[in-house]
Amino acid sequence: MNKNKFYITTAIAYASSKPHIGNAYDIVLADMIARYKRLQGYDVFFMTGSDEHGQKIEEKAKEAGITPKEYVDKAAAQIKAVWDSMNTTYDKFIRTTDADHEAAVSAIFKKLYEQGDIYKSEYEGKYCVPCESFFTPSQLVDGKCPDCGREVSDAREEAYFLKLGKYQDRLMKHIEEHPEFIQPESRKNEMINNFLKPGLTDLCVSRSSFKWGVPVDFDDRHVIYVWIDALSNYATGIGYNPNGSTEQFEALWPADLHVIGKDIVRFHTIYWPIILMALGLPLPKQVLGHPWVLVGEDKMSKSRGNTIYADELAAKFGTDAVRYYLLSEVSFVNDGSITYESFINKFNSDLANTYGNLVNRTVAMTNKYFGGTVSYKKFENECDTDLLSTVKACVADYEKAMNAYHNADACAAVLELAKRCNKYIDETMPWALAKDETKKDYLEAVLFNLLECIRILSVLLAPIIPEAAEKITAQIGNDAKSTEFTEGSYTVGEASPLFARIDAEKVLAEIAAEEEAKKAAKEAAENVATIAEISIDDFCKVELKAAKILECEPVKKAKKLLKLTLDDGSGKPRTVASGIAKYYTPEQLIGKTVILVSNLKPATLCGVESCGMILAAEAGEEDVKVVFLDGVPAGSKIR
């Protein structure tokens, strides 16, 4: 076995809908750890993926009028796109619809059944479709699902069960002998006190009420339930199969770290270890149950209308900004919170003011006073020695935090060093030293010290904000990875801003306008959806006309709106604001003829008076197609 290997995984995202920023925290945190381990010299294998079976997906596919496989193909691509927007460096993206995974899951189930760890019985209880979980009446909270708070339904069906109790004592012993197995400590205590000590009940591991899943090969009325199917991905994704595993599995297993959300710790520290024990496999070395990302004080959910998406935030503010906020704001134990206001404040204070100004000022002064090249010169003034001692202390704090996966503490240590460097500039005042020729050597020493500290900062920041770290090394002309203060020389490049300060008032106004537009569109869609039948008289009240698009331009205050100038046959141009900027460029629309709702009451959207609405079709969950009428004269009535 490769003693220097590090196998890290995330929870696989459920392919029922687009992952929000709280889901994205999982992959960003794991990516930070993977990047850090690579810097330490580890041979890292980093896996993520999508969980694609289950009743919820079967129902969503039916609603969409497509097959479950077509549905999850789109969903998996969407999950990958969000993960990629976060600049994550995973080595494999596993899908539970992969043929090798399904074959391995089928073999795992059969092995456990044949050795007596799985048996057939009947289940009766309360079932939550979104969580795909059964509960007893006493486990419900106010009659609803204890995990998500949604309604549950009565369920009774034949099922196969895994004997959890058989392995309970062995699991408890493992946790006691490996105190690092479940992190943080509070999660471990929760598992012991809430689940293991009261005693484990056997686990339902098959379903017969839906068909979208891996069939039980010796009983095709049943599909294998999520616990064995999804959890097994951590082993099957690297080649495990009871009938014969790959060399990759032998080299990488056991996993060094599972990175998951705190809401699924039970599945990963009780169900999954027992499955592995029953298979005769070593347990993962560690499970990290990280906190949640809340919106303000609330848990994120589509029903609340408070969902923030990582890729959309990255498109607006940059990938590094999103990574930095998540990693610095969410601590090891306690939930983090995000609002647009707090995001912008942290961006401006930490990224633009502290890091950006430090790099920009230092590189600019090196170019101005020394033509871009400075060399080490030894000085031991009080502020110089204090700066160097701060470097050592901050690096030590950073490494201690990173080794324990305390991401927010690691970010704080790096920020402390950057702040100390800015203070050093204020203390030494290079602009004043430059006026005194006798201080030229000390000025050069000051700038060298700053550049060396910035180089060390770039190394520490590389796992957190990798794009910015690369830009820093390009500007200072040194990509050495040592975190020790070294001697030598620097020849810098041109000073270029790392992060441009955000005009908070302007951007928050833009976001508010976009949210209002979304809300209005949603309400309009809901109103349409609630209309069962209308009379012909009602329909005749809507005036539809053909209108030609004469001009089209983006609305400056709202990235999702386009301002259309239309010829509706009246001889007077008409302006309409339409939320289709995500799907069309102005060039694609100019000259096209569309259907206009011409007697709609005017509304002002982001400063644009919109006199009407154009018709479009929802061509999918993330696609909109405008209805074109090319060849129809402008002003023609649509009947």
Let's go through D31 and R323 carefully: what are the C-alpha distance in whole Å and the side-chain angles of both, what is the deciding distance for salt bridge (Lys or Arg N to Asp or Glu O under 4.0 Å) to 0.1 Å, and is it a yes or a no?
CA-CA 10 Å; D31 184 69; R323 288 177 64 105; 2.8 Å; yes
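- Between K92 and G237, the closest heavy-atom pair is NZ-O, 2.8 Å.
- Judged by distance alone, the side chains of S458 and T473 never bring a donor and an acceptor atom under 3.5 Å apart.
- The heavy-atom pair separating C411 from I464 by the smallest distance is SG-CD1, 3.9 Å.
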Between S482 and E484, does a side-chain hydrogen bond (donor to acceptor under 3.5 Å, both in side chains) hold up when you go through it step by step? CA-CA 5 Å; S482 171; E484 298 285 336; 6.0 Å; no
- Task: Could you walk me through whether T486 and E452 pass the side-chain hydrogen bond (donor to acceptor under 3.5 Å, both in side chains) test, one step at a time?
- Result: CA-CA 7 Å; T486 61; E452 182 64 2; 2.7 Å; yes
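- Sorted by first and then second residue, the pairs that involve residues 348-368 and meet salt bridge (Lys or Arg N to Asp or Glu O under 4.0 Å), not counting sequence neighbours, are K346-D350.
- Looking at E467 and E470, their side chains never come closer than 4.5 Å, going by heavy atoms from C-beta outward.
- Ring centroids of Y309 and H20 are separated by 6.0 Å or more, keeping the two rings apart.
- Using a 30° and 60° split on the angle between ring planes, Y25 and H290 fall in the perpendicular class, above 60°.
- Annotation: side chain of I465 is in contact with side chain of L351 (closest heavy-atom distance under 4.5 Å).
- Looking at heavy atoms from C-beta onward, V374 lies out of side-chain contact with M365 at the 4.5 angstrom threshold.
- There is a side-chain donor-acceptor pair under 3.5 Å between D84 and Y90.
- Both tests do not hold together for K188 against F181: distance to the six-membered ring centre under 6.0 Å, angle to the ring axis within 45°.
- Pairing each heavy atom of L327 with each of L29, the nearest pair is CD2-CA, 3.9 Å.
- For the ring pair (Phe, Tyr, Trp, His ring centres under 6.0 Å) condition, the pairs that include at least one residue of residues 435-464, sequence neighbours left out, are Y376-F448, F379-Y442, F448-Y490.
- Heavy atoms from other residues, nucleotides or ligands lying under 6.0 Å from CD of Q588 number more than 12.
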Practice task
In sequence, state the C-alpha distance, the side-chain angles, and the governing distance for N87 and T319, and then conclude on side-chain hydrogen bond (donor to acceptor under 3.5 Å, both in side chains).
Solution key: CA-CA 7 Å; N87 193 13; T319 295; over 6 Å; no
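- Within the structure, no pair that satisfies the ring pair (Phe, Tyr, Trp, His ring centres under 6.0 Å) test touches residues 457-477, not counting sequence neighbours.
- Relative ring orientation between Y234 and H258 is described as tilted, the plane-to-plane angle lying within the 30° to 60° band.
- Closest of all the heavy-atom pairs between R187 and P291 is NH2-N, 3.6 Å.
- For the pair Y369 and K440, the minimum side-chain heavy-atom distance is 4.5 Å or more.
- Ring pair F317/F343: centre-to-centre distance below 6.0 Å.
- In this structure, Y325 and F347 have side chains that are not in contact, with every pair of non-hydrogen atoms separated by 4.5 Å or more.
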